[in-house]
**Q** 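Can you read through this structure? Questions will come right after.
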Amino acid sequence: MAEVVVTQEEWANEEGRLKYRRVLRAVEKLRSVADAATTYRLAFQVVYLHCWSRHGSLAEVDRLWGPGSESAGAKLGAVWPRTPVARAHSLPAYRDEGVSRPFELIDPALRELIAEVRQLDPDPRLLDVLLDTYSTRYARGDDYFTSNDLAYLFAGLAAPRGGEIVRDPVCGSGRLLRAAAHRARAQGGEVRLSGADINLTARYAAAVNLALHGFLADLGKEGADTLRAGTSPIPADVIVANPPVNQRDWGHGELKDDWRWTLGVPRPGNANFAWVQHILADLTPQGRAVVLLSSGAAHSSNSTDGLIRRGLLENGLVVGVVALPTWLFPHASASTALWLLAKGERPHSDQVLFADAGKLPAVKEGQRRHFAKDSAERLLQIFGEWQGLRRREGEGDPESVPWCRAARYEEIAEAGFDLTPARYVRHREAVQENSRDVERSRKAELYECLDRSATARRRVRDALEGRHDYRVG
């Protein structure tokens, strides 16, 4: 199914928002008689079938929407297993999940949800609304679905190209994979997608999300704990990942001797550098990655973290770090940053490019904020040229913007291998301010010299005039 491009005007359309609100109210009614996971999986099924039915692939779908005495839940359970997405990813129907609640209790709410969805034109955007609603209502700290704004940045920084394997080891709703596939398609190429997630509802959402937008993906046969499962048989060219922030229970005891920890065994109680090293181990020799980490990973005083950061820099594996604004994560208080990693030869291997995206202009529409498109594209252009992944267009110089700066290895080493962007961006601002101070000082000195020169000339003139008067007298 083709992607529908969403304009800001369409999102702001009052009639469209009203229709979405009616669907969301029906979802909440269903939620009152079923748990959140069941509610949203059923909603994902209804939206998928509504969009898919326009292709006329199954006569049973029409029967699902039509009147009749048969339970809507029973009809949905009969149709869903025959859909391509359910077969491809082994997505169970309601009764296949071992749920004990009978259809009789949920059927009235499910019928209302189906009726409200049927009032809309088949549109994959409704799934995005459901994903955002689920994430807003049920997000807990690091358990949330990545926003479209953040997925756009991920894909732009990773810059996937046709023919590459793109992987997300914690794929959530599949938005990072979807954004990467769209990015490659916009450049005229197709990528191979693979992902995994331990959360079964997230895996369900990812499968439906990617299928609705016409993308095939290998999501494994079931949910998977990626760190414990290890690397994939086939390495990836590009990895995009938004792993749990500061994950505590990551399996340190059972994994401490794992071959992936080439830069040092990650400390117990924090999986940040377990994820980083897993991702590097799962890349091809020329692979690259974009991974979201807590800001603490960049400057943690823990000796193990410091040694791993040093190893990353000494091996030229860190391309750049982008600090993110907190408004991207309304459900969490921890500040975060995107780390760009790369293996193999690359330009500027003795430097790291730092950016503070919090200084980019943002646009607010109601309760929603997003990056101003021109500024976000400027960020992507700068990093793309820096990595040699984009053609130079004259606007990719990091020195051309105040929120970006490159730092050499020696400077970072002197800072204790601290990779906090603000440290280096502020340094540039301080240098610029010092330069302005020097300029002001030089101007003041020049004015003082001019004043002294004027005073001297005046004294000479006075002396000459006094001498002339004396002679005349």
Side-chain angles (χ1 to χ4, degrees), residues 89-90 142 146 154-155 157-161 163-172 174 176-177 180-181 191-200 202-203 206-207 210 216-268 270-293 297 304-305 307-309 311-312 315-319 338-346:
H89 300 287
S90 302
D142 54 22
T146 305
F154 263 96
L157 292 169
R161 295 171 289 198
E164 292 185 323
I165 297 176
V166 180
R167 179 167 296 135
D168 184 348
V170 275
C171 66
L176 295 186
L177 291 174
V191 293
R192 294 168 57 190
L193 303 176
S194 72
D197 204 289
I198 193 172
N199 185 308
L200 296 181
R203 182 178 177 273
L210 292 167
L216 300 175
D218 179 3
L219 301 179
K221 295 182 179 180
E222 56 187 4
D225 182 338
T226 299
L227 284 181
R228 287 181 168 88
T231 56
S232 302
I234 302 176
D237 301 291
V238 176
I239 290 179
V240 286
N242 182 359
V245 175
N246 299 325
Q247 180 182 356
R248 292 182 177 275
D249 179 20
W250 62 271
H252 175 272
E254 60 196 271
L255 297 174
K256 61 184 178 180
D257 297 322
D258 197 277
W259 68 272
R260 290 170 288 178
W261 320 140
T262 58
L263 300 175
V265 179
R267 62 185 168 106
N270 192 305
N272 288 336
F273 289 106
W275 281 110
V276 168
Q277 293 188 84
H278 166 84
I279 287 167
L280 288 169
D282 208 20
L283 285 172
T284 63
Q286 297 294 324
R288 59 195 184 279
V290 180
V291 56
L292 184 90
L293 297 175
T304 299
D305 290 358
L307 287 173
I308 294 175
R309 279 201 309 271
L312 289 168
N315 287 278
L317 296 169
V318 182
V319 175
L338 292 174
W339 289 40
L340 283 72
L341 309 173
K343 295 166 69 174
E345 295 295 324
R346 64 176 177 85

**Q** Does one side chain, of Asn199 or Asp197, offer a donor that lies under 3.5 Å from an acceptor on the other?
**A** no
**Q** Tell me the closest heavy-atom pair linking Arg346 and Val318, and the distance in Å.
**A** NH2-O, 3.0 Å
**Q** Can you list every pair that meets ring pair (Phe, Tyr, Trp, His ring centres under 6.0 Å) and has a residue in residues 219-258, with sequence neighbours left out?
**A** Trp250-His252, Trp250-Trp261
**Q** Side chain to side chain contact (heavy atoms under 4.5 Å, CB included) with Asp218: which residues, sequence neighbours excluded?
**A** Ser194
**Q** How many angstroms lie between atom CG of Asn242 and atom CG of Leu293, to the nearest 0.5 angstrom?
**A** 9.5 Å
**Q** Which residue pairs pass the ring pair (Phe, Tyr, Trp, His ring centres under 6.0 Å) test when at least one of the two sits in residues 230-249, sequence neighbours left out?
**A** none
**Q** Between Arg228 and Asp249, does any side-chain N to carboxylate O distance fall below 4.0 Å?
**A** yes
**Q** Write down the atom of Ala207, the atom of His89, and the distance for their closest heavy-atom approach.
**A** CB-CD2, 3.5 Å
**Q** Indicate the atoms forming the closest heavy-atom contact of Val191 with Ala181, along with that distance.
**A** CG2-CA, 3.8 Å
**Q** Does Leu280 reach the side chain of Val276, with side-chain heavy atoms less than 4.5 Å apart?
**A** yes
**Q** State the CG-CG distance between Asp168 and Leu177, to the nearest 0.5 angstrom.
**A** 5.0 Å
**Q** From Leu157 CG over to Leu340 CG, what is the distance, rounded to the nearest 0.5 angstrom?
**A** 5.0 Å
**Q** Taking the side chain as every heavy atom from C-beta outward, state whether Ile239 and Asp282 have any pair of such atoms under 4.5 Å apart.
**A** yes
**Q** Please identify which of these residues, Val238, Leu176, Asp237, meets the side chain to side chain contact (heavy atoms under 4.5 Å, CB included) condition with Val166.
**A** Val238
**Q** Where is the tightest heavy-atom contact between Arg267 and Thr304, given as atom of each residue plus distance?
**A** N-CG2, 4.0 Å
